[in-house]
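Chain letters run A, B, ... following the sequence lines, proteins first, then strands; residues in each count from 1.
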Number of protein chains: 2
Amino acid sequence: MTATDVAQVRDFNRFYTRILGLLDKGILNSEFSLPEARVLYELQHHQPCSASEIILALDMDKGYLSRILKSFSRKGLIILQATESDARVSLIKLTSKGKLEFDKINTASSNQIKQLLEQLPDTKIKSVITHMQAIKQILNTVN
Amino acid sequence: MTATDVAQVRDFNRFYTRILGLLDKGILNSEFSLPEARVLYELQHHQPCSASEIILALDMDKGYLSRILKSFSRKGLIILQATESDARVSLIKLTSKGKLEFDKINTASSNQIKQLLEQLPDTKIKSVITHMQAIKQILNTVN
DNA sequence: GGAATTAGTTGATTTTGTCAACTAATAGAT
DNA sequence: ATCTATTAGTTGACAAAATCAACTAATTCC
């Protein structure tokens, strides 16, 4: 490992931070904030789950999550279901309204990537994906 | 381009967002915030430059940048140099104190990547870098 | 010359996020 | 069984990051 290696990784990180930043901005047209969108995503994909699970998955502050969930509850996007094993824990489920909202955000996010990829020929798309998967595979082996 | 392509890119983006988030947290031990660190970086690498150039490079709000620069000026990290061609524009330069501060942050950032890469054999490091550079090259051709 | 635009500052506010204190429940030690 | 320590989640208070509007002085454009 050389200093050049480090510099090159950092260069990529600066580059990709920019890409992700541009994608994140696309969400701002939505009724939901970025953190809210992330919570919705987590609720849809690990359904049903507890607050603690979301906190872990998103590395989110419990106070902040509590507020977001409260807001979701008021808007009818989630229901809380008591658990028998631990009275302090509720399982959070998306309502059908919540699922509709998730679908809207999900579609918008996918459309953003679509717009990005549409500018590339299919071979380049496949190439990017292969590289991405390779990176993920390698970095998944470290902390 | 298929829906699977889109899903795979999104998967990588979620993955890499996490990696970057963990790296960003490492900066929090520093006297400077993340946005400030970014401005310092930009000042060092595009030296001298105007406020507008930083705004563009970092996609940062001019009001926010103005405050950061004001803080830097008070701390003696930068000097402003009037330009002859346009009286509204100043060129911002790091002082030697500013450069020292940049060096500290820069070293800390590199050490973070080093810690990440140290967990990998050299072949994997080279592989990751090759993949990163390939992605960057391809995505640099789109908006 | 005058209107429109721009560079950067400042005021005010919102959003995101953090930390502490709390209550009720559970786990662990005695 | 009892008591202490820990935990799940809520709420209060606050800080940091970010945004938006209004502004002044300078420049550009018609």
Side-chain angles (χ1 to χ4, degrees), chain A residues 17-18 20-22 24-43 46 48-75 78-93, chain B residues 17-18 20-22 24-43 46 48-75 78-93:
Chain A
T17 293
R18 244 188 117 62
L20 292 173
L22 292 173
D24 283 346
K25 280 195 198 284
I27 288 261
L28 297 182
N29 296 325
S30 138
E31 173 192 340
F32 297 102
S33 69
L34 203 43
E36 286 175 328
R38 289 196 176 119
V39 173
L40 274 178
Y41 180 87
E42 206 57 32
L43 288 172
H46 300 100
C49 63
S50 67
S52 293
E53 282 170 310
I54 302 178
I55 288 164
L56 261 184
L58 299 182
D59 193 36
M60 195 180 249
D61 179 74
K62 62 187 179 186
Y64 195 39
L65 178 62
S66 187
R67 291 186 164 84
I68 288 174
L69 292 179
K70 192 168 180 174
S71 157
F72 282 178
S73 190
R74 270 192 323 246
K75 290 176 183 169
I78 60 173
I79 53 169
L80 303 188
Q81 185 170 74
T83 62
E84 298 203 339
S85 51
D86 189 336
R88 299 168 303 178
V89 177
S90 301
L91 291 184
I92 307 155
K93 293 184 163 187
Chain B
T17 293
R18 246 189 117 60
L20 292 174
L22 292 173
D24 283 347
K25 278 192 199 280
I27 290 265
L28 297 184
N29 297 325
S30 142
E31 173 191 341
F32 297 102
S33 69
L34 204 46
E36 286 174 328
R38 291 199 173 113
V39 173
L40 274 178
Y41 180 86
E42 208 56 35
L43 287 172
H46 302 100
C49 62
S50 66
S52 294
E53 283 169 308
I54 302 178
I55 288 164
L56 261 185
L58 300 181
D59 192 37
M60 193 178 250
D61 179 74
K62 64 187 173 183
Y64 196 37
L65 178 63
S66 187
R67 289 184 167 85
I68 288 173
L69 292 178
K70 192 168 183 174
S71 158
F72 282 359
S73 189
R74 269 195 321 249
K75 290 177 187 170
I78 61 172
I79 52 170
L80 302 189
Q81 185 172 73
T83 64
E84 299 204 341
S85 50
D86 187 336
R88 299 167 304 176
V89 179
S90 301
L91 291 185
I92 307 154
K93 294 185 168 188

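For the pair A/Met60 and A/Glu42, the minimum side-chain heavy-atom distance is 4.5 Å or more. By the 4.5 Å heavy-atom criterion applied to side chains, B/Leu80 and B/Leu91 are not counted as neighbours. Residues B/Leu58 and B/Tyr41 have side chains not in contact (no heavy-atom distance under 4.5 Å, counting atoms from C-beta outward). Between A/Cys49 and A/Ile54 there is a side-chain heavy-atom pair separated by less than 4.5 Å.
The side chain of B/Ser52 lies closest to C/dA7 when the candidates are C/dT10, C/dA7, C/dA25. Distances from the side chain of B/Pro35 to the nucleotides D/dA17, D/dG9, C/dT9 place D/dA17 closest. Out of D/dT19, C/dT9, C/dG17, the shortest distance to the side chain of B/Asp61 is found at D/dT19. Distance from the side chain of A/Lys70 is smallest for D/dT11 among the nucleotides C/dT16, D/dT11, D/dA17. Distances from the side chain of B/Ala87 to the nucleotides C/dT16, D/dT27, D/dC20 place D/dT27 closest. The side chain of A/Ser66 lies closest to D/dT10, out of D/dT10, D/dG9, C/dG17.
Rounded to whole angstrom, the span from the CZ atom of A/Phe32 across to the C1' atom of C/dT15 amounts to 16 Å. Atom pair A/Lys62:NZ and C/dC19:P shows a separation of 12 Å (rounding to whole Å applied). Counting to the nearest Å, the C1' atom of D/dA16 and the CZ atom of B/Arg38 are 14 Å from each other. Whole-Å rounding puts the A/Glu84 CD to C/dT26 P distance at 12 Å. The distance from atom CD1 of B/Ile68 to atom P of D/dA17 is 8 Å, rounded to the nearest whole Å. Remark: C1' of C/dC19 and CD1 of A/Ile55 are 14 Å apart, rounded to the nearest angstrom. For the pair A/Leu34 CG and C/dT14 P, the computed distance is 20 Å after rounding to whole Å. Atoms CE (B/Met60) and P (D/dC20) sit 15 Å apart, rounded to a whole Å.
A pairwise comparison of heavy atoms in B/Pro35 and B/Tyr64 identifies CG-OH, 3.7 Å as the closest pair. B/Thr17 approaches A/Arg38 most closely through the heavy-atom pair CG2-NH2, 4.3 Å. Listed here is the closest heavy atom pair of A/Ile78 and A/Leu69: CD1-O, 3.4 Å.
Rounding to the nearest 0.5 angstrom, the gap separating the CD atom in B/Glu53 from the CG atom in B/Leu43 is 10.5 Å.
In this structure, A/Ser33 reaches the C/dT16 phosphate: one of its side-chain N or O atoms is under 4.0 Å from OP1 or OP2.
An angle of 30°, rounded to 10°, separates the two end axes of the helix from C/dG1-D/dC30 to C/dT30-D/dA1, each defined over five pairs.
Position along DNA chain C of the nearest nucleotide to A/Ser85 versus B/Leu65 favours B/Leu65 as the more 5'-ward residue.
Across all strands, B/Asp86 comes closer than 4.0 Å only to sugar-phosphate atoms, never to a base (heavy-atom distances).
Between the side chain of B/Arg67 and the base of C/dG11, at least one donor-acceptor pair of N or O atoms lies under 3.5 Å. Judged by distance alone with a 3.5 Å cut-off, no donor-acceptor contact links the side chain of B/Arg88 to the base of C/dA7.
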